[in-house]
Number of protein chains: 2
Amino acid sequence: MGDVASSRSEQRLPLSRERVLRTAVAIADEHGIETVTMRRVGDELGAEAMSLYHHVANKDALLDGAVDLVVREINEAVDELDAGGDWQVAVRTRILAARAVLLRHRWASRLLSTRAATSPEVVRYHDRLVGLLRAGGFSFDLAHHALHALGSRAMGFSQELFDPGDGGSADSLPPEVAAELPNLVAMLSEIAHDDPASTLGWCDDQTEFEFGLDLLLDGLDRRRVATTP
Amino acid sequence: MGDVASSRSEQRLPLSRERVLRTAVAIADEHGIETVTMRRVGDELGAEAMSLYHHVANKDALLDGAVDLVVREINEAVDELDAGGDWQVAVRTRILAARAVLLRHRWASRLLSTRAATSPEVVRYHDRLVGLLRAGGFSFDLAHHALHALGSRAMGFSQELFDPGDGGSADSLPPEVAAELPNLVAMLSEIAHDDPASTLGWCDDQTEFEFGLDLLLDGLDRRRVATTP
DNA sequence: AGAGCCTGCCTTACAACGTAAGGGTGGTCA
DNA sequence: TGACCACCCTTACGTTGTAAGGCAGGCTCT
């Protein structure tokens, strides 16, 4: 409508799949994944919603692509790391690097767990991880088990189910509720989580993530030694 | 509309929060969680969508309630188990029992990981789990770490990120893709997953779940012994 | 007993969403 | 020059969650 298309020359650079996906990522980073709608992405690009369909098949494909962009970012970060030395150190470093990227795109971990199962970038990530395990002396079979055991932790996030540090510091609970939860109440009042800096997941701070990760890596190493003398 | 309200007397029993939630669970079980809409639940109950709002605050609350129903089912199953004996056996048994329930409501694990963080039933489940750990000689601190380390596995499901057995049996890949994934291709062709009975998550069959679980339980026991001589 | 209210269900309506269908415009190539 | 095609737009539809309010029957209080 009366848009002479000369006032904003930088907005008029053509749409592309890349630009669409990057915009979706940016919106999700800034305002949350639930605010990413076709119209919103179009707006941000100075285009209409329907124009996006020339570059992505539909909204699902857009989300898949956005996640893939994040995983690509992970792969780029991870490719620079030293893959030599002790396998446990190498794997640990790699996973924590992936985690650092996911901390910049917190919406991505949820999407990662539901879609993009066969995303090329995700598969590539796991391929390199298997490479590290193999180099560390893992049989293919044990490496396969390792992938399953690590699960989503392999890419740097874990799925927490409830947050003992948040939403209930033991004495904030109604007495009749507290009476029903003797063990948790006792645990919480002893622990007194004084550092509720949540990261990925609810109370899943870096320390807890690494604790679980090391538990798995130690266990895997023990299995490795047991099978390959 | 000309409904004499006498033809179907059993449909006219009044709505209730319980009935609404149970209906949502039933629809999700049978047709998938994405088919659960307010109108659909209403239909199933012989009522209008808006009538549900007298029993649940909104759709989010409905989904939360549906998940809670499933977790209640878990708790009922788990409460019957023997809590004595070796802690590792007790915890393992309990988690596998929870898993068995979740296998009957596959949609629930995804919802569990996003909502219902502070659901009373979920909290109760973890309280009992902490009780088991305490009885097994865990400090509160180690029990807390254990909850984090187990993550969603504590309730019987794990989050898989990709499925090496599905969607690519190594030789079904285009050659240029396969060349990019040397480790996975080698792994898959050696393993030849002949039992692709998927359960919860993608290729996360029972064996893999138990492998990861035991890895964690073994590691936790080692930490326990190390801290309490 | 009658007035008033509360509870439970319904009707109507709307905004936001994804997207199907098709129109127009500019650049490219024969 | 004319045909084609890539690209973007307009319009419109069905589905969703839900706000607003209506209407009946049973309860309580006088």
Side-chain angles (χ1 to χ4, degrees), chain A residues 1-25 27-28 31-67 107 110-111 114-116, chain B residues 1-25 27-28 31-67 107 110-111 114-116:
Chain A
M1 291 288 188
D3 185 16
V4 199
S6 67
S7 54
R8 299 196 183 185
S9 58
E10 81 283 2
Q11 284 212 0
R12 277 288 139 243
L13 49 98
L15 258 43
S16 70
R17 178 178 167 83
E18 189 77 12
R19 283 205 340 125
V20 169
L21 297 183
R22 290 207 179 282
T23 303
V25 169
I27 296 173
H31 303 101
I33 188 67
E34 72 281 355
T35 71
V36 175
T37 69
M38 299 303 275
R39 285 170 232 262
R40 176 77 189 270
V41 174
D43 274 4
E44 213 83 14
L45 288 164
E48 295 302 310
M50 288 311 293
S51 302
L52 306 180
Y53 285 84
H54 288 271
H55 302 98
V56 293
N58 51 37
K59 190 180 180 184
D60 265 12
L62 185 149
L63 292 181
D64 285 347
V67 171
W107 49 273
R110 181 147 39 99
L111 286 194
T114 60
R115 65 187 63 239
Chain B
M1 289 283 191
D3 184 15
V4 200
S6 66
S7 53
R8 300 197 182 184
S9 57
E10 81 283 1
Q11 284 212 359
R12 276 288 141 243
L13 49 97
L15 257 43
S16 70
R17 178 177 167 82
E18 189 76 12
R19 281 202 345 122
V20 168
L21 298 183
R22 289 206 181 283
T23 305
V25 169
I27 296 173
H31 303 100
I33 189 66
E34 71 282 353
T35 71
V36 176
T37 69
M38 299 302 275
R39 284 171 233 263
R40 175 77 189 270
V41 173
D43 274 3
E44 214 83 13
L45 288 164
E48 295 301 311
M50 288 310 293
S51 303
L52 307 180
Y53 284 83
H54 288 270
H55 302 98
V56 293
N58 50 37
K59 190 179 179 183
D60 266 12
L62 185 148
L63 292 181
D64 284 347
V67 171
W107 49 273
R110 181 149 38 101
L111 287 193
T114 61
R115 63 187 66 238

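Per chain, numbering begins at 1; letters A, B, ... match sequence-line order.
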Quiz item: How many angstroms lie between CG in B:Leu63 and CG in B:Leu111, if you round to the nearest 0.5 Å?
Solution: 6.0 Å
Practice problem: Taking side chain to side chain donor-acceptor pair (under 3.5 Å) as the test, write out the residues that go with B:Glu18, two or more places apart. | Solution: B:Arg22
Once you round it to whole Å, what is the distance between [atom2] of [N] and [atom1] of [X]?
X       : N      : atom1 : atom2 : result
B:Arg40 : D:dG17 : CZ    : C1'   : 17 Å
A:Asp43 : D:dC9  : CG    : C1'   : 14 Å
A:Leu52 : D:dC7  : CG    : P     : 14 Å

Between the protein and nucleotides 22-25 of chain D, list the N/O to N/O atom pairs that are separated by less than 3.5 angstrom.
none

Identify each donor-acceptor pair in which a side-chain atom of residues 51-58 of chain B lies under 3.5 Å from a protein atom, sequence neighbours left out, and give them as a table.
{"from": "B:Asn58", "atom 1": "OD1", "to": "B:Asp60", "atom 2": "N", "distance (Å)": "3.2"}
{"from": "B:Asn58", "atom 1": "OD1", "to": "B:Ala61", "atom 2": "N", "distance (Å)": "3.0"}

Practice problem: Using five pairs at either end of the helix from C:dA1-D:dT30 to C:dA30-D:dT1, determine the angle between the two local helix axes and round it to 10 degrees. | Solution: 10°
Practice problem: Show your reasoning for whether side chain to side chain contact (heavy atoms under 4.5 Å, CB included) applies to B:Val25 and B:Leu21. | Solution: CA-CA 6 Å; B:Val25 169; B:Leu21 298 183; 5.6 Å; no
Practice problem: Report the residues that fulfil side chain to side chain contact (heavy atoms under 4.5 Å, CB included) with A:Arg39, sequence neighbours left out, ordered by chain and then residue number. | Solution: A:Thr37, A:Ala49
Quiz item: For D:dC7, does either OP1 or OP2 sit under 4.0 Å from a side-chain N or O belonging to A:Ser51?
Solution: no
Exercise. May I ask you to verify if any side-chain N or O of B:His55 is less than 4.0 angstrom from the OP1 or OP2 atom of C:dC9?
Key: yes
Set out, line by line, the N/O atom pairs under 3.5 Å between protein and nucleotides 13-20 of chain C.
{"from": "C:dG18", "atom 1": "OP1", "to": "A:Lys59", "atom 2": "NZ", "distance (Å)": "2.6"}
{"from": "C:dG18", "atom 1": "OP2", "to": "A:Met38", "atom 2": "N", "distance (Å)": "3.0"}
{"from": "C:dG18", "atom 1": "N7", "to": "A:Arg39", "atom 2": "NH2", "distance (Å)": "2.5"}
{"from": "C:dG18", "atom 1": "O6", "to": "A:Arg39", "atom 2": "NH2", "distance (Å)": "2.9"}
{"from": "C:dT19", "atom 1": "OP2", "to": "A:Tyr53", "atom 2": "OH", "distance (Å)": "2.8"}
{"from": "C:dT19", "atom 1": "OP2", "to": "A:Lys59", "atom 2": "N", "distance (Å)": "2.9"}
{"from": "C:dT19", "atom 1": "O5'", "to": "A:Tyr53", "atom 2": "OH", "distance (Å)": "3.4"}

Practice problem: Choose from C:dC9, C:dC10, D:dT10 the nucleotide whose nearest atom is closest to any side-chain atom of A:Glu48. | Solution: D:dT10
